[in-house]
Every structure is written in structure tokens, then in C-alpha cells.
Amino acid sequence: MPELPEVETIRLRLRPLLVGQRIVRAQVLRKDIVGFPDARGFGRGVVGRTITELGRRGKYLIVRLDQGKELIFHLRLSGHLEVVDRDRKVEYERARLELVGGKALSFVEPRALGRVYLVQANEYPQALAGMLKMGPEPIHEDFDAAYLRDRLRGRTAPVKSLLLDQRIACGVGNIYSDEALFRAGIRPLRRAGNLRNADVVRLARALAAVLEDGIRWCGTTMGDGRYRLPDGQAGSFQKRLAVFGREGKRCRRRGCAGEVRRQKLGGRSTHFCPVCQR
DNA sequence: CTTGTGTCCTGTAGGC
DNA sequence: TGCCTACAGGACACAA
């Protein structure tokens with residue numbers, strides 16, 4: 001669920017609530033939610049620290065602390081962060097950081113696939129190796145058609161699979177890859193290396209544009225309502241999705257009579273309009 | 001190196 | 001109603 005736009009939305013909303021706050025107590029309610037170091041070292045290392053800034057890299061949320069430390073969250077499929085009153089009970093809570101002043105940052109993760117890491121900045125452990133190999137942010141200027149063309153050249157895998165590869169375009173997940181390919185008019189199963197130059201140009205632009213739109217509309221809250229802003233509000237990009245979750249429905253492009261199709265690609269649901277996307 | 005598949009974990013939706 | 005299976009926004013290990 002949380003792809004780049006959702007994590008960025010969470011970052012923007014949490015920042016005013018967290019920056020300047022000091023952590024007075026840590027609780028790990030499920031040990032394996034801590035990816036590094038271990039639950040004990042995590043609690044010990046985090047207590048007494050002050051939050052200085054919130055950052056993001058791909059789908060990772062980075063909570064910077066004093067003493068050069070960083071708390072890094074990955075929400076995977078069902079993770080969620082919220083700031084609650086200290087006495088409030090929270091369902092599926094896996095870790096909690098109590099703050100000065102009676103509030104607490106709650107890490108909620110029903111499926112328990114998400115992780116939180118406590119690291120020294122620039123000393124990332126093996127558990128975070130994926131973060132170091134991560135490609136450029138698609139919404140940053142160094143992600144452009146020339147870069148993308150170079151990364152797709154000669155590749156025989158479906159173009160969607162490569163969009164999901166965080167080493168190529170970080171922050172992209174199942175929803176925004178489908179949406180970007182729709183906007184670019186490219187079928188998800190096309191072999192990446194077979195794309196024409198004009199396709200790649202459109203794809204690079206579409207990817208940045210769809211992620212920026214996702215941020216503008218505060219992310220995508222699907223039917224299960226699992227993704228929420230930290231205050232519990234829903235995002236609204238789901239109202240603007242062109243293909244994702246719209247199997248059997250009419251294509252959104254004006255005058256197009258196509259019906260959105262859904263197909264499996266490497267175990268992931270993949271949506272496209274057979275008329276608009278070739 | 002590239003690619004496709006299985007696995008982690010839990011809740012929920014849908015079929016029978 | 002109850003049971004069983006398939007599936008879910010991600011990432012990584014591993015086999016071919």
C-alpha cells in the first residue's frame with residue numbers, strides 16, 4: 001500500500017507533530033518488527049533522543065534523531081504510523097515511542113511484515129542493504145528519459161516488473177506502476193528493451209507525474225482503508241485512478257470504449273486498458 | 001547478470 | 001453458519 005506518495009504524505013503530516021519531540025520511553029510489542037539492531041538495543045538506543053527532522057528515501061521513512069542516529073521505517077503492505085495520546089490502546093500495534101508531553105508515536109502493522117531500524121546515519125547494516133542499492137527518486141531531476149532508456153536497454157522482462165525494481169525507480173509499487181503505464185500508453189507486459197524511444201520518454205514523464213499527483217491528493221486509500229494519514233483521514237487519489245482496481249469498468253479516457261482488464265504478472269494484479277495501451 | 005517463483009505474516013472476502 | 005482457499009499496496013532469497 002504505502003508507495004512513494006503515501007510515505008511522502010505521512011512524512012509531511014508527521015513532521016510538525018514530531019520534530020523537536022524527545023522520546024522518553026520505547027515499547028516493542030512484537031520483537032521481529034525491529035529489523036536492527038534487536039528489540040533490546042532498539043529500546044536502549046532510542047530513549048532520550050530528540051527528533052530533528054523527517055526524511056524519505058523511496059518507500060522508507062527516515063526519522064532523524066540527535067547524536068547522528070536515524071529511525072527508519074518500512075511499512076511494507078499494511079504498516080501505519082499515528083500519533084496518539086499515551087493512554088490510548090491501538091489495535092495491531094507493534095511498537096510505540098512515548099514522547100514528552102503525553103503523546104506517543106504508534107507503529108501499527110497487522111501483517112507484521114513492516115520493520116523499523118535504528119541505525120547510525122551512513123552506517124547502514126546488512127538488513128538495509130536494499131536502501132543503498134536504491135535507484136533515483138522518479139520525481140527528482142536526475143530521473144529522466146535518458147536514464148530510464150539506459151536502464152531498460154536490452155532487458156527482456158516485462159516493463160512493469162522493472163518499474164517495480166527499486167534499483168531502477170525507487171518508491172514505485174503496484175498501483176503507481178499500473179497508473180504510469182496507462183498514462184504512457186504502454187502495456188505492462190511489453191518487454192522493456194523493446195520500447196521505442198518515444199515510449200520511454202512518455203514513461204519517464206508519466207511516472208514522475210503520477211507520483212506527484214499521488215502526493216498532491218495525499219495518497220491512495222483503497223477499499224480496506226488500511227492506508228490512512230496519521231490523523232486517520234483517507235487519501236483521495238483512489239478517486240482519480242485510471243486503471244488500478246477498475247477491472248471490467250470503462251476506460252477513463254474520453255471517448256474510449258475500452259474496458260479495463262486485469263491480469264497476473266509475477267503474482268501481482270496488473271491493470272490496463274487494451275485500447276489505450278499497446 | 002537476468003528472470004521468474006516462493007516465502008514471510010495476518011486478515012478478509014468469496015465459494016461451497 | 002462454518003470451513004477452506006485465494007488474495008492483498010513489498011522485498012528478498014534462491015533456482016535456473
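So you know, we letter chains A, B, ... as the sequences are listed, proteins then strands, and number each from 1.
Here A:His74 reaches the OP1 or OP2 of C:dA11: one of its side-chain N or O atoms lies under 4.0 Å away. Look at A:Lys59 and you'll find a side-chain N or O under 4.0 angstrom from OP1 or OP2 of C:dA11.
Atom CD in A:Glu109 sits roughly 10 Å away from atom C1' in C:dG10 (whole-Å rounding). Protein atom CG of A:Leu4 is 14 Å distant from nucleotide atom C1' of C:dG10, rounded to whole Å. The CZ-P distance, from A:Arg268 to B:dT5, rounds to 14 Å in whole Å. Rounded to a whole Å, the CE atom of A:Met131 is 15 Å from the C1' atom of C:dG10. If you measure from atom CG of A:Leu163 to atom P of C:dA11, you get 13 Å, rounded to the nearest angstrom. In this structure, A:Arg115 places its CZ atom 12 Å from C1' of C:dG10, rounding to the nearest Å. If you measure from atom CZ of A:Arg151 to atom P of B:dC1, you get 12 Å, rounded to the nearest angstrom. Regarding A:His271, its NE2 atom lies at a distance of 8 Å from the P atom of C:dA8, rounded to whole Å.
A donor-acceptor contact shorter than 3.5 Å is absent between the side chain of A:Arg64 and the backbone of A:Gly68.
Looking at heavy-atom distances under 4.0 Å, A:Ser161 makes no contact with the nucleic acid at all. Note on A:Pro5: nothing from the nucleic acid sits closer than 4.0 angstrom, heavy atoms only. Note on A:Gln166: only backbone sugar-phosphate atoms sit closer than 4.0 angstrom, heavy atoms only; bases stay farther off.
Taking atom P in both B:dT7 and C:dT5, one finds a spacing of 16 Å when rounded to whole Å. Annotation: C:dA6 and B:dG6 have their P atoms spaced 13 Å apart (nearest Å). Here, B:dT5 and C:dC7 have their P atoms 14 Å apart, quoted to the whole Å.
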Sugar-phosphate or base contact per nucleotide [nucleotides 6-13 of chain B; S, B, -; heavy atom under 4.0 Å]: --BBBS--
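Within the structure, salt bridge (Lys or Arg N to Asp or Glu O under 4.0 Å) contacts touching residues 129-151 of chain A (residues at least two apart or in different chains) are A:Arg56-A:Glu137, A:Arg57-A:Glu137, A:Asp150-A:Arg153. Identified under the ring pair (Phe, Tyr, Trp, His ring centres under 6.0 Å) test for residues 4-42 of chain A, with sequence neighbours left out: none.
Note: A:Phe73 and A:Phe107 have perpendicular aromatic rings, judged against thresholds of 30 and 60 degrees for the angle between ring planes. Ring-plane geometry between A:Tyr176 and A:Phe237 is classed as parallel, the angle between the planes falling under 30 degrees on a 0 to 90 degree scale with a further cut at 60.
Taking a cutoff of 4.0 Å between a charged side-chain nitrogen and a carboxylate oxygen, A:Lys103 and A:Asp85 qualify as a salt bridge. Ion pairing between a basic and an acidic side chain is recognised when a charged N comes within 4.0 Å of a carboxylate O; A:Arg240 and A:Asp213 show no such pairing.
Under the 4.5 Å side-chain heavy-atom criterion for ILVMFWY residues, a single connected hydrophobic cluster contains both A:Leu229 and A:Val19. Put simply, A:Val90 and A:Leu81 are part of two different groups of oily side chains (I, L, V, M, F, W, Y) that touch within less than 4.5 Å, one to the next.
A:Tyr92 meets the side-chain contact (heavy atoms from CB on, under 4.5 Å) test with A:Arg94, A:Val108, A:Pro110; sequence neighbours excluded.
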With the criterion being N/O to N/O and under 3.5 Å, what pairs connect the protein with nucleotides 4-7 of chain C, and how long is each?
none

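When each of A:Phe244 and A:Tyr60 is assigned the nucleotide of DNA chain C bearing its nearest heavy atom, the one mapping closer to the 5' terminus is A:Phe244.
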Quick one: do A:Ile62 and A:Leu71 satisfy side chain to side chain contact (heavy atoms under 4.5 Å, CB included)? Show the steps, please. CA-CA 6 Å; A:Ile62 304 171; A:Leu71 264 178; over 6 Å; no
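For A:Arg86, the CZ atom sits in a packed shell: over 12 heavy atoms of surrounding residues, nucleotides or ligands are nearer than 6.0 Å.
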For DNA chain B, please output the secondary structure as dot-bracket, reading 5' to 3'. Pairs are Watson-Crick or G-U wobble, both atom distances under 3.5 Å; mark crossing pairs with [ ], other-strand partners with |, unpaired with a dot. .|||||||.|||||||
